[in-house]
2 protein chains.
Amino acid sequence: MRYFVITGHKAVADGSFKLDDLAGGAGRMDILARCINSAFVLSHEIRRDAEIYLVMEGGDDAPKTVRINGNSVRYLNPDERSTASLIRNALLKKIPEGHEVQSSPGVYVSKMSFADVIEALSRKGNFVYLKEDGTDVRDFQFPEDPIFVLGDNKDLTEEEEQCLLAKGPAKISVGPISLHADHCMILVQNEMDRREAE
Amino acid sequence: MRYFVITGHKAVADGSFKLDDLAGGAGRMDILARCINSAFVLSHEIRRDAEIYLVMEGGDDAPKTVRINGNSVRYLNPDERSTASLIRNALLKKIPEGHEVQSSPGVYVSKMSFADVIEALSRKGNFVYLKEDGTDVRDFQFPEDPIFVLGDNKDLTEEEEQCLLAKGPAKISVGPISLHADHCMILVQNEMDRREAE
């Protein structure tokens with residue numbers, strides 16, 4: 001499995017945003033939508049071996065985490081608006097304390113924080129932190145079930161970084177120029193595709 | 001310069017589409033918007049050395065070509081909706097026959113067809129056709145001023161392909177799995193970034 005964890009530092013967790021204003025009032029929800037695209041979208045199919053965790057950290061109702069599983073997801077299209085609509089539908093769900101709720105096939109929402117997600121995933125795979133001073137992804141020995149962790153348009157907060165570093169993640173970088181999270185994901189996916197094809 | 005030519009086979013050339021329906025009624029304008037993102041968007045800046053040609057081939061008013069130049073473009077944001085709005089503003093412009101009109105800084109529109117674009121660009125650089133049976137991009141010697149040519153979610157038509165092949169393009173592929181045009185562009189950009197950083 002390929003896991004991705006993205007922090008949406010201002011992403012409006014209560015779902016009270018307009019699909020017409022994803023980049024503004026929704027707190028850069030456009031970036032999270034593009035990260036979903038990068039996690040799953042192939043020319044003619046969906047990556048079934050991927051799962052993404054989007055941690056929504058903006059607004060009164062934060063934190064919440066939307067999880068999308070490639071193996072069971074349905075109604076996922078490549079465009080930002082329809083993808084953000086899946087996210088919003090999840091965020092509008094009532095979530096009983098300590099539970100995760102399914103909002104549509106393969107899309108789940110919970111009140112997990114970044115620290116909760118890291119703790120839960122630490123039992124499932126091996127952390128890989130995307131960081132500009134990391135090992136070049138092309139020289140990297142991918143662990144089994146890698147869990148790639150990225151910030152949205154901002155780096156992880158200091159507290160988040162400490163939480164992740166406590167798990168002893170590998171650190172990788174994708175190239176000489178600083179890129180958006182969704183672009184970094186494409187480069188990581190391609191490198192893994194190449195290794196698997198060898 | 002890095003040139004990109006993308007054919008929008010159903011992209012509605014008269015601009016009569018809703019920003020709420022980019023993937024549907026607009027004829028997969030969402031793909032073209034993401035290609036613009038891939039051409040220009042970096043973490044903290046815009047790629048100034050890139051230029052994209054989007055050939056709109058859908059509807060009565062087709063063909064039209066929207067050209068965006070990284071060196072002079074303004075008001076470009078990463079999200080699909082605002083990017084598609086720049087495209088639509090261009091398509092709604094009145095275009096005198098044989099002319100190219102600027103709709104906003106760095107955004108231009110003309111009545112050029114795919115064949116016209118290929119002919120015009122043939123004086124500016126060297127064609128590179130993204131094709132699944134091409135040379136691996138990692139083994140490719142990039143020519144000076146490469147002009148990358150891609151279809152949107154459909155391959156070039158037979159006629160378009162003949163037009164391009166007549167120019168003797170190099171052919172490259174980006175990996176073992178078939179990807180969307182905007183994802184292919186990210187992989188090409190990264191490879192060129194790495195070569196330039198060497």
Side-chain angles (χ1 to χ4, degrees), chain A residues 18-24 26 28-34 37-45 47 77-85 132 136-138 150-155 173-198, chain B residues 18-24 26 28-34 37-45 47 77-85 132 136-138 150-155 173-198:
Chain A
K18 296 208 168 86
L19 296 177
D20 293 352
D21 191 23
L22 297 176
R28 298 312 306 270
M29 201 64 72
D30 63 313
I31 297 178
L32 301 185
R34 288 196 298 280
N37 175 304
S38 294
F40 299 114
V41 172
L42 295 172
S43 248
H44 308 295
E45 53 191 325
R47 290 185 188 272
N77 290 305
D79 66 294
E80 282 173 22
R81 186 184 175 91
S82 71
T83 302
S85 172
E132 281 163 37
D136 187 343
V137 66
R138 294 194 184 179
L150 304 86
D152 53 356
N153 60 325
K154 304 281 180 201
D155 290 336
S173 72
V174 294
I177 297 185
S178 180
L179 301 177
H180 275 228
D182 56 309
H183 294 178
C184 294
M185 288 174 62
I186 292 300
L187 295 166
V188 168
Q189 298 270 36
N190 178 255
E191 187 62 33
M192 294 195 77
D193 292 343
R194 287 171 174 268
R195 303 289 178 91
E196 288 179 11
E198 266 169 15
Chain B
K18 296 209 169 86
L19 297 177
D20 294 351
D21 190 24
L22 297 175
R28 297 312 308 269
M29 201 65 72
D30 63 314
I31 297 178
L32 301 185
R34 288 196 299 279
N37 175 305
S38 295
F40 299 115
V41 172
L42 295 173
S43 248
H44 309 294
E45 53 191 325
R47 289 184 189 272
N77 290 304
D79 66 295
E80 281 172 23
R81 185 184 175 92
S82 71
T83 303
S85 171
E132 281 163 34
D136 188 342
V137 66
R138 295 194 184 179
L150 304 85
D152 52 357
N153 59 326
K154 303 280 180 199
D155 289 337
S173 72
V174 294
I177 297 186
S178 180
L179 301 177
H180 276 229
D182 56 308
H183 294 178
C184 295
M185 288 174 64
I186 292 300
L187 296 166
V188 168
Q189 298 269 36
N190 178 254
E191 186 63 32
M192 294 195 78
D193 293 342
R194 287 170 174 268
R195 302 291 177 90
E196 288 178 11
E198 266 169 15

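Chain A is the first sequence line, chain B the second, and so forth, proteins listed ahead of strands; every chain is numbered from 1. What you see is a predicted model, and the numbers here were worked out from it, not measured in a lab.
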Winner by heavy-atom pair count (cut-off under 4.5 Å) against chain B, out of [options]:
| options | value |
| --- | --- |
| Glu191(A), Arg28(A), His180(A) | His180(A) |
| Ser178(A), Gly175(A), Ser82(A) | Ser178(A) |
| Leu22(A), Asn77(A), Val174(A) | Val174(A) |
| Ala33(A), Pro78(A), Ser38(A), Ala23(A) | Pro78(A) |

So with a 6.0 Å cut-off around [atom1] of [X], is the heavy-atom count from everything else above 12?
| X | atom1 | result |
| --- | --- | --- |
| Asp155(B) | CG | no |
| Asp136(A) | CG | yes |
| Glu132(A) | CD | no |

Closest approach of Arg47(B) to Ile177(A) (non-hydrogen atoms, all atoms of both residues): NH1-CD1, 4.2 Å
Restricting to non-hydrogen atoms, name the atom on Arg194(A) and the atom on Val137(B) that form the minimum distance, rounded to 0.1 Å. NH2-CG1, 3.9 Å
Spatial distance of atom [atom1] ([X]) from atom [atom2] ([Y]) [nearest 0.5 Å]:
| X | Y | atom1 | atom2 | answer |
| --- | --- | --- | --- | --- |
| His44(B) | Asn153(A) | NE2 | CG | 9.0 Å |
| Asn190(B) | Asn190(A) | CG | CG | 8.5 Å |
| Thr83(B) | Asp30(A) | OG1 | CG | 9.5 Å |
| Leu19(A) | Leu19(B) | CG | CG | 13.0 Å |

Please report the C-alpha distance between His183(A) and Asn37(B) in whole Å, then the side-chain angles of each, then the deciding distance to 0.1 Å, and finally whether the side chain to side chain donor-acceptor pair (under 3.5 Å) criterion is met. CA-CA 10 Å; His183(A) 294 178; Asn37(B) 175 305; 2.7 Å; yes
Do Asp20(B) and Arg81(A) have side chains that get closer than 4.5 Å, going by heavy atoms? yes
